[in-house]
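Both backbone and side-chain heavy atoms feed into the values below; hydrogens, waters and symmetry mates do not.
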Amino acid sequence: MYHPGGPSSSTSPPILPSGEFTWVVENFSQQDKKLYSKSFIVGTREWRLLLFPEGNPSAGGSESVALYLDYPEAGITPPNLCPKARFELVAVNKEKPGSNIVREASHKFTESANDWGFTQFVAIRELPKGFVVDDTFTVKVRIALEEDRFRRAREARQATGCVGVRCKMEPFNLEAWSSGLSALVQCLYHLPIFRKAVYQLPEFSVSGPEHAFSRELRKVFFHLQYSSVCVMCDNLSRAAGCPDNIADIVELAGDLVSKLRGTGADEIHNELFVGQCRNYIEAADPDINHRTSEKEQFVDLSLEVEGCRNIYESLLTSCKVEELEGANQIHVEGHGLVDGRRYTRLERLPPVLRLQPKRFTYDSESSSIVKTNGQFQFYPTIDLEAHMKDLMVEGATPSTTMRYLLHSVVVHLGTPLEGSYCVYVRKTLGGNWVQLDEDSVVEVTEEEAINRNYGSDTAADASAVSTAVVLVYIREDEWDRVVCKVDKSEIPENIRHELEDELAEVSKAMAGPAEGHLYVDVNVITEEDLERASLDLHCLEVMAPDRKVFSYRMHKHESIGDVRRKLCRDLGISQDAHKLWLWSKRQNLMRLSLKAPPESRLLDIKTHRDTSGHPANNKNVLMTIPLYLQEPDLLSKNDESILLFFKFFDPSKGTLEFLGERSIPRHSPLDLFWDDLCQMAGLAEGVEIDLYEDSKSGNSVTDWPKLEKHLSPHRLRLQDGDVVYIQQSGIWKNMEDQADVSLGTLPAYMLYWASRVKLNCRPFHDREDPGFELDVLMRSPYETVCSEIALYIGLEDWRMLRVHVVDASGVPNAFKYSLDNMNLKTGMNWRTVVLYEIMDVPLPMWERQQGI
């Protein structure tokens, strides 16, 4: 539980609820000290509220009402599927609606923290002031689930054809940088001709650490085009690095392009974005013939915002003639210092014109970057032909149109260091605009994309002003070529398969937390599966998925009856031709417990879920429920029957064999079924057999009790699903090998296998040597272990060995020969790696020399 006393920070963004719930608590003064609301659904999750009307005594609260949001399914939900939510808890003031008490929190609801809220929600002394009226107390909760972003992403893909992208840089937590990178990635992606070039990068340009950025950019582009959820690009963020000035998005764009040099993508980038201008310096006096020019390339044009009302005024200002007088005069040969003029003219404009309104400047007085928020207009279309004389070099006659169409707008909101970026993109001519704000994707109007991002000269709060910082225009005659269609056929086949496989894995991993809590995996195990598991000795554990015969993914609110219908359909049998059993853990063993009621919801039988933690179990579902399919036989028609499994132990072969299941009357003595059991074991009729009950611990021979054949299963306290072992009586007396005789009974044999361990023995002075393995018993004395090692390596005297045990941290610890009662169990702490060292003198003598 969360126990703060006051409200959370007011600087956090408002709750945008996935849903809300109102709880009217009547007879408030007569309520229990602890009560829950009814369950309610928000998103796809089930919630409830937990209220302590007189305070939560376990949290030390007695003067305030305590209120928490509770997630009832937390106890059975895998950690990766636990929901994370932001929520508001509201105490409603009926007399003064504006005086509601609101508390906000954020929490991931897990098994160990299934509820979260406020111990000091509202002071008890404040209740009469409008919160409790007519002995009624009303509270509300508004919940915003993090998983809703997956649903929103799918809806956005359907509505706009786009998904968001989130970039982050660890260990930095720089919102301006991450949102800026996201905006730039979206800008480049939505220029399909550039995306196509990145898809077709040659292999040499994406292999090796030096090309990590181009490799990751190709992955991100593919995911943006075909994923149905927000694209996470942590690897791209790491490859991009963190620039010194996180507010300068143009500098960041330059850094990204520099990382593409030499890959092939830089060529199409230069062809699209690089223009050319000339910088002139000439004498002001027309009688002095002096003029110099210098050619310069540009990727973006900076636009002055201060003193300029719109994009045209700013372009003209950038090409305005600057007078060079006084201290700025120029030197002309034969004339000395004379007045001059300096100006810039555009020589060639690129197909994609990127303009940068200069919103950020360096303030020398404060030694910081400041932002200019003044209004600056830009337009859906700009036509530069009317301004050719003032913008272009003298005599320039462009062979193409000078009309440019606005394609995308990168916008900044906030202060230089604490703001964030988003981008507006027009995907088609005449179509609506799309706002891409990291993982948020919404369709917007042209006014929202353009007019609302002019800036403001009168805004009281400068941090709330959104301003365009990058404008991307495409020349009208180049629009169709740049905004072309790109599909999977444009991607080389080997690269496409690689990208598709990775996208499938990412989509599966991201979709799991969004919907996995709604589903249950049902694994149906048959007698055949258990037969294949006969080498699992005395444990009939739940089968791994590679052994199950049928598996179904079901909604958690579906029933056992729904499973039966699917199973009958697949088996081609009627529902009366089989029975389904539930498994339960009994004394650390999985055993059948009871017949599965057809009407039971899967969620209601959660106590029978598989808790083995087997890695093959799917972690992207709420739980895995194992069922056993029993096919009917002649003895199963009796409702008073008991279902037992049988195994046969043959001491002469040292084997265990799974025989199968039998349903026998619960109150009839076992000897009535002797011939049937002999037949199951492949023994002749009338042969004497011993029956043993499966051990629940197996720590000693007495833990394997022999069953009296004249008693019934009921008298023997056998339960459905128990395992009974069959052994021919007295066969061990005819065994010749004395070592085998000691294992001639089932209890001794099972104890032997339960205490067996494989030792990995390696030379002490050569840790790289993989060594060899020995099968020994956990209770083997030190002498036995050393004798086995000595025999394997060809050492005559085992006392010349010194054995070291490797602990959990990899540090070797030597056995001490002089200690009494040393065995593997006490000395090794169940570790299975030992290092052996060959001594110059016997170990007992060496220890005496060391003063032990």
Summary of salt bridge (charged side-chain N to carboxylate O under 4.0 Å, His left out) pairs that have at least one residue in residues 221-232, sequence neighbours excluded: none
Rounded distance (nearest 0.5 Å) linking atom [atom1] of [X] with atom [atom2] of [Y]:
X      : Y      : atom1 : atom2 : result
Thr44  : His517 : OG1   : NE2   : 2.5 Å
Gln356 : Arg354 : CD    : CZ    : 9.0 Å
Arg553 : Glu558 : CZ    : CD    : 12.5 Å
His407 : Trp433 : NE2   : CH2   : 8.0 Å
Glu20  : Phe40  : CD    : CZ    : 10.5 Å
Leu81  : Glu73  : CG    : CD    : 11.0 Å

With Arg475 via side chain to side chain contact (heavy atoms under 4.5 Å, CB included) - residues at least two apart: Pro351, Thr400, Thr401, Tyr404, Asp477, Glu478
Please name all residues satisfying side chain to side chain contact (heavy atoms under 4.5 Å, CB included) with His557, sequence neighbours left out, ordered by chain then number. His555, Arg601, Leu603
I'd like to know whether the aromatic ring centres of Phe21 and Trp47 sit less than 6.0 Å apart in this structure. no
Mind checking whether Phe109 and His107 have ring centres under 6.0 Å apart? yes
Looking at [Y] and [X], is any side-chain nitrogen of the basic one under 4.0 Å from a carboxylate oxygen of the acidic one?
X      : Y      : answer
Arg86  : Glu104 : yes
Glu271 : Arg481 : yes
Lys488 : Glu500 : yes

[Y] and [X] side chains, donor-acceptor separation under 3.5 Å:
X      : Y      : answer
Thr624 : Asp521 : no
Tyr454 : Gln377 : no
Ser466 : His412 : no
Thr160 : Glu443 : no

Across all chains, not counting sequence neighbours, the ring pair (Phe, Tyr, Trp, His ring centres under 6.0 Å) partners of Phe222 are Tyr226
Please enumerate all residues that pass ring pair (Phe, Tyr, Trp, His ring centres under 6.0 Å) together with Tyr199, with sequence neighbours excluded. none
Give a yes or no answer on whether the side chain of [X] reaches the backbone of [Y] with a donor-acceptor pair at less than 3.5 Å.
X      : Y      : result
Asn453 : Glu448 : yes
Gln225 : Val486 : yes
Arg359 : Val370 : no
Arg157 : Ser227 : yes

Do Arg48 and Pro72 touch side chain to side chain, with heavy atoms closer than 4.5 Å? yes
Using side-chain hydrogen bond (donor to acceptor under 3.5 Å, both in side chains) as the criterion, list what pairs up with Thr467, not counting sequence neighbours. Lys371
Looking at Leu191, Val425, Leu188, which one forms a side chain to side chain contact (heavy atoms under 4.5 Å, CB included) with Ser408? Val425
Using the rule side chain to side chain contact (heavy atoms under 4.5 Å, CB included), only one of Val410, Val165, Val163 pairs with Gln186; which is it? Val165
Before you tell me yes or no, could you show the steps for Arg218 and Ile495 under side-chain contact (heavy atoms from CB on, under 4.5 Å), namely the whole-Å CA-CA distance, both residues' side-chain angles and the distance that decides it to 0.1 Å? CA-CA 10 Å; Arg218 184 169 68 183; Ile495 296 174; 3.2 Å; yes
Can Val185 and Leu236 be said to form a side-chain contact (heavy atoms from CB on, under 4.5 Å), step by step? CA-CA 10 Å; Val185 167; Leu236 181 70; 3.8 Å; yes
Tell me whether the NZ or CZ atom of Arg195 lies within the 45° cone about the ring axis of Tyr189 and under 6.0 Å from its centre. yes
